[in-house]
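Note on naming: letters A, B, ... go to the chains in the order of the sequence lines (proteins, then strands), and numbering restarts at 1 for each one. Just so it is clear, the structure is predicted and the values come from calculations on it, not from any experiment.
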Amino acid sequence: VCISKLLCDFEAAMKAMFCHALLCGLLGGCIASAWADENKNDAEVARIKAVYIYHFASFAEWPPERTLVPEKEVRLCAVGGGPTVGQLTQLDGRDLGNGRHLQVAQLRLDQVTKTCHMLFVGELPRADSDLAGGRLRGEPILLVGEQSGFAQNGGMIEMFLRDDKVRMRINLSMVRAAGIMLSSKLLRLAEIVEAP
Amino acid sequence: VSQRSLTAQLQSVLILSTVAVLLLAGSGSVAYEGAVMRESLRREMAVQADMIGANVSAALLFDDSHAAEEVLRIATDIPDLLKVEVLSAVGTVVATDKRQAPPDRLFEQLLRGLGVEMELSVQRPVVYNQKLEGSILLSWDLRPSLRSMAKQALVGLAILCGAVSVATLLGFRLQRRLISPILHLSSLAENVAQAKNYKLRATKFAEDEVGQLVDRFNEMLARIQERDSHLEKLVGDRTAELLKANEQLVHQAYFDGLTGLPNRHLFQDRVLQALSHAERVRKKVAVCFMDLDEFKHINDVFGHETGDKVLRQVASRVAGCLRDTDSVARIGGDEFMFLFTNLERPEAVGRIAEKILSAVQAPMHVDGQVFTVKASFGISIYPDDGSEPATLKKNADMAMYHAKAQGRNRYSFFTRSLDEQLARRLEIENNLLSALHEGQLAVYYQPQFDTEFHLVGFEALIRWRHPEKGMIPPGLFIPIAEQSGLITKIDEWVLQSVCRQLGEWRGKGYHPPAVSVNLSMKLFHQADLPERIARTVSDCGAKPSWIRFEVTESALMENAAQTVGHLSRIRELGFVLSIDDFGTGYSSLNYLKQFPVDHLKIDRGFVRDLASDKNDAAIVLAIISLAHSLGLSVVAEGVETEFQSQFLRGHGCDYLQGNLLGRPASAEVWEGLLLDRSDLPESGEA
């Protein structure tokens with residue numbers, strides 16, 4: 001828990017650190033178990049993120065010219081590494097409702113083509129991710145990432161942790177520019193970022 | 001039995017049924033509306049929940065309770081919503097929104113106390129992509145709905161009150177329409193019962209059931225009226241019959257059935273009335289007693305039917321003699337009583353009595369026979385002879401006996417001496433039988449002579465030598481003996497004595513002439529008189545030719561028809577007969593011709609006055625002439641003077657008897673005289 005706070009927001013992390021440090025300091029015995037919790041929690045967050053990504057597929061509509069190939073298959077491409085990408089493979093073939101299915105493909109960055117409906121950007125060097133963003137800019141591919149600032153920097157949906165929960169930040173300009181429609185239900189839950 | 005009036009029953013039925021119907025309908029509609037309301041509410045809530053679910057599904061998917069709560073805040077601006085909750089698929093509360101419910105009102109507290117549900121909860125699932133993502137729980141406040149229903153119920157209650165008033169009003173109208181004819185009928189029935197007036201009729205107001213009842217009631221009244229009048233008539237008839245029967249009974253009680261005259265009871269009443277009236281007006285009243293002489297004889301010989309007819313004739317004759325103010329009653333047998341009122345002088349009764357007696361004794365024709373009824377009449381006067389009815393009757397009775405003793409067919413006033421006479425008579429009657437047995441009676445003999453003064457017979461005369469009172473004359477005790485019936489014994493005794501005496505004289509060698517013995521009329525009532533006489537005579541060893549029987553003219557004529565038979569038989573037996581006291585009775589020459597007699601004996605009354613009374617002399621001559629023309633010899637008795645003796649002998653009288661020639665004396669006295677007759681033949685025809 002303490003680690004994820006550090007990752008999310010410095011200020012909050014400091015507060016949490018202070019708290020945890022105080023708590024840890026008072027109760028030194030709990031540190032070991034806290035580490036074990038952290039490992040377990042990483043996997044849990046990854047799993048939740050995977051589920052969120054799956055749900056994004058159902059809240060999104062692609063432009064008509066971007067026909068689903070093969071029919072009614074939503075192609076989810078994943079790049080980079082990290083626990084979340086590992087979880088995504090489990091979503092392959094999942095039913096999305098309305099007769100749609102999810103097809104998951106793990107690619108290298110350069111392998112990413114316009115055939116992907118969604119692209120999850122895992123742990124990548126910053127440059128790569130910008131690049132990828134630059135190269136696929138304007139394509140009707142829903143870009144989902146988990147790096148901090150992903151939404152401001154050319155991404156579309158950024159997942160982050162707040163209050164121990166996975167939250168979303170959506171760059172609505174980017175989504176619109178890509179011609180993708182996101183359900184208002186989803187938008188209501190997310191922080192909206194307007195950035196070019 | 002219900003004590004409540006029909007009105008009250010009708011009223012309560014109307015009100016109860018109204019209340020029941022309205023309550024049922026009201027509660028039914030409230031219950032139905034409640035159910036409908038609940039159901040529509042539930043549907044509405046389901047819709048609301050589904051809407052919320054749709055809005056919140058994403059928040060559920062992304063585990064965003066803030067977003068969910070935001071959705072709830074926007075979506076749940078719904079009135080009466082108490083609580084809305086968003087639950088996760090595993091049931092944990094994701095978001096909740098609660099409203100502060102207003103506090104319970106009084107009636108809501110009451111309903112809650114009764115266990116009425118005040119909230120309605122609905123839980124709806126939230127499904128996304130056919131997967132259950134969670135649920136929405138809605139809780140609804142029912143109180144506003146209940147309030148509106150309560151308002152409705154209040155309105156219903158108001159309608160109920162209105163309906164009850166209408167029912168009451170209707171009840172009163174119904175009462176007027178239905179009950180008042182019945183009340184009219186009831187009051188009429190009461191009137192009929194009280195006044196017993198069955199002519200009353202009930203008025204019919206309508207042709208309904210009550211109208212039919214009125215018809216039946218009137219029919220019933222008509223029947224009762226008919227029956228009543230029938231009964232009235234019946235009672236009237238019965239009453240008339242009873243009155244008639246009563247009159248008959250009264251008549252029977254107060255009148256004699258045979259003659260129709262008042263009986264002794266009515267007479268008693270009339271006497272009492274007459275006496276009390278006489279006392280006030282100071283007038284005299286006569287109470288009289290009348291008895292028919294020898295009436296028993298008529299009954300015995302001719303039968304009671306004939307006797308009754310005779311009595312009826314006597315009654316009608318007697319009644320014909322009376323004034324309006326007089327009364328006559330038959331008080332039994334042949335006894336009558338009379339009541340004469342308003343008398344100034346008692347002597348007047350004597351005239352009436354004479355009138356009655358002569359009316360009675362006029363010959364009457366009954367069943368082909370001619371009867372001559374005679375009566376004796378006794379009179380007693382109020383207040384001279386008594387003031388009490390009983391005394392007056394007793395004295396009248398006594399006077400009547402006196403009249404009888406005087407020789408019958410006459411009337412007699414009561415006198416004080418009658419009282420003494422009665423006492424003497426009773427004494428004589430009491431003593432006579434013992435006198436007969438104790439030898440106080442004796443037979444005296446009075447001689448009878450022919451014109452040449454030869455002894456031709458004796459008349460046996462009875463004498464009573466009372467040990468204390470001395471000689472009692474036969475005129476005193478013979479009538480009493482006749483009335484008491486002792487006379488038959490006395491006559492028999494005399495006959496026996498005479499027969500014995502004759503036997504004794506003959507035993508002594510004398511030749512006694514025939515002896516005359518008097519036969520009382522009473523003896524002639526005996527049907528076997530001739531045989532009895534014959535037996536008595538032969539028992540003494542005497543012969544019929546020794547005895548001559550004398551019967552008085554009045555006795556003979558009293559019952560001439562029967563007497564003739566007896567006399568003929570006696571004469572056939574060999575006895576000689578003579579008529580005694582001739583000239584005093586009312587001899588029918590026709591009977592005289594028939595009577596089988598040998599002698600006539602001129603009454604001593606004519607002989608006594610021969611010298612002074614030319615009429616008597618003429619009668620004596622006529623009798624002598626009559627007797628001789630009928631072939632009878634004549635005996636004169638009571639010869640006491642030489643003139644009488646001369647006259648009688650000179651005018652053809654056959655035999656003489658009297659004190660001039662010989663006083664009655666005992667048998668021994670005459671034995672000397674018998675000596676002169678010793679040369680005469682035995683049975684001298686005297």
Side-chain angles (χ1 to χ4, degrees), chain A residues 4 41 44-61 72-74 76 84 87 91 93-102 142 144 146 151 156-170 172 175 181-192, chain B residues 44-78 81 83-99 122-138:
Chain A
S4 62
N41 233 33
E44 178 65 18
V45 167
R47 197 189 58 79
I48 289 169
K49 282 180 178 171
V51 170
Y52 275 28
I53 290 163
Y54 161 74
H55 284 315
F56 293 156
S58 65
F59 285 109
E61 288 291 332
K72 298 220 172 173
E73 285 220 332
V74 175
L76 171 61
T84 307
Q87 286 287 330
L91 295 173
R94 278 277 187 96
D95 184 14
L96 286 170
N98 304 326
R100 295 183 185 180
H101 294 279
L102 197 65
L142 187 61
V144 180
E146 55 184 351
M156 290 179 188
I157 299 175
E158 176 189 334
M159 287 181 288
F160 62 95
L161 285 170
R162 185 197 291 161
D163 295 340
D164 229 3
K165 284 191 170 170
V166 179
R167 290 282 159 253
M168 298 154 286
R169 191 172 288 133
I170 293 173
L172 201 54
V175 175
M181 300 282 285
L182 281 181
S183 164
S184 64
K185 291 178 183 175
L186 181 62
L187 293 175
R188 195 184 295 149
L189 303 174
E191 276 177 29
I192 304 299
Chain B
E44 196 186 325
M45 281 166 75
V47 170
Q48 295 277 2
D50 288 349
M51 272 170 62
I52 293 168
N55 279 312
V56 91
S57 57
L60 267 174
L61 287 176
F62 296 105
D63 194 20
D64 192 339
S65 56
H66 288 293
E69 274 165 11
E70 219 161 281
V71 169
L72 291 186
R73 262 195 300 283
I74 299 159
T76 58
D77 191 18
I78 302 167
L81 193 67
K83 185 176 81 178
V84 55
E85 270 179 349
V86 180
L87 301 169
S88 69
V90 293
T92 55
V93 175
V94 176
T96 183
D97 185 31
K98 284 187 182 166
R99 304 281 175 77
V122 169
Q123 191 166 18
R124 297 283 291 180
V126 177
V127 176
Y128 189 79
N129 276 353
Q130 287 116 38
K131 274 192 281 184
L132 181 73
E133 299 297 345
S135 61
I136 305 295
L137 182 68
L138 282 180

Taking atom types as modelled, which donor-acceptor pairs link chain A and chain B at under 3.5 angstrom?
{"residue": "A:Tyr52", "atom": "OH", "partner": "B:Phe62", "partner atom": "O", "Å": "2.4"}
{"residue": "A:Ser58", "atom": "OG", "partner": "B:Tyr128", "partner atom": "OH", "Å": "3.3"}
{"residue": "A:Leu96", "atom": "O", "partner": "B:Asn129", "partner atom": "ND2", "Å": "2.8"}
{"residue": "A:Arg167", "atom": "NH1", "partner": "B:Phe62", "partner atom": "O", "Å": "3.4"}
{"residue": "A:Arg167", "atom": "NH2", "partner": "B:Asp63", "partner atom": "O", "Å": "3.1"}
{"residue": "A:Lys185", "atom": "NZ", "partner": "B:Ala54", "partner atom": "O", "Å": "3.3"}
{"residue": "A:Arg188", "atom": "NH1", "partner": "B:Asn55", "partner atom": "O", "Å": "3.3"}

Report which part of A:Ile48 has an atom under 4.5 Å of a heavy atom belonging to chain B: side chain, backbone, both, or neither.
neither
Correct closest heavy-atom pair for B:Ala67 and A:Leu189 would be CB-CD2, 2.9 Å
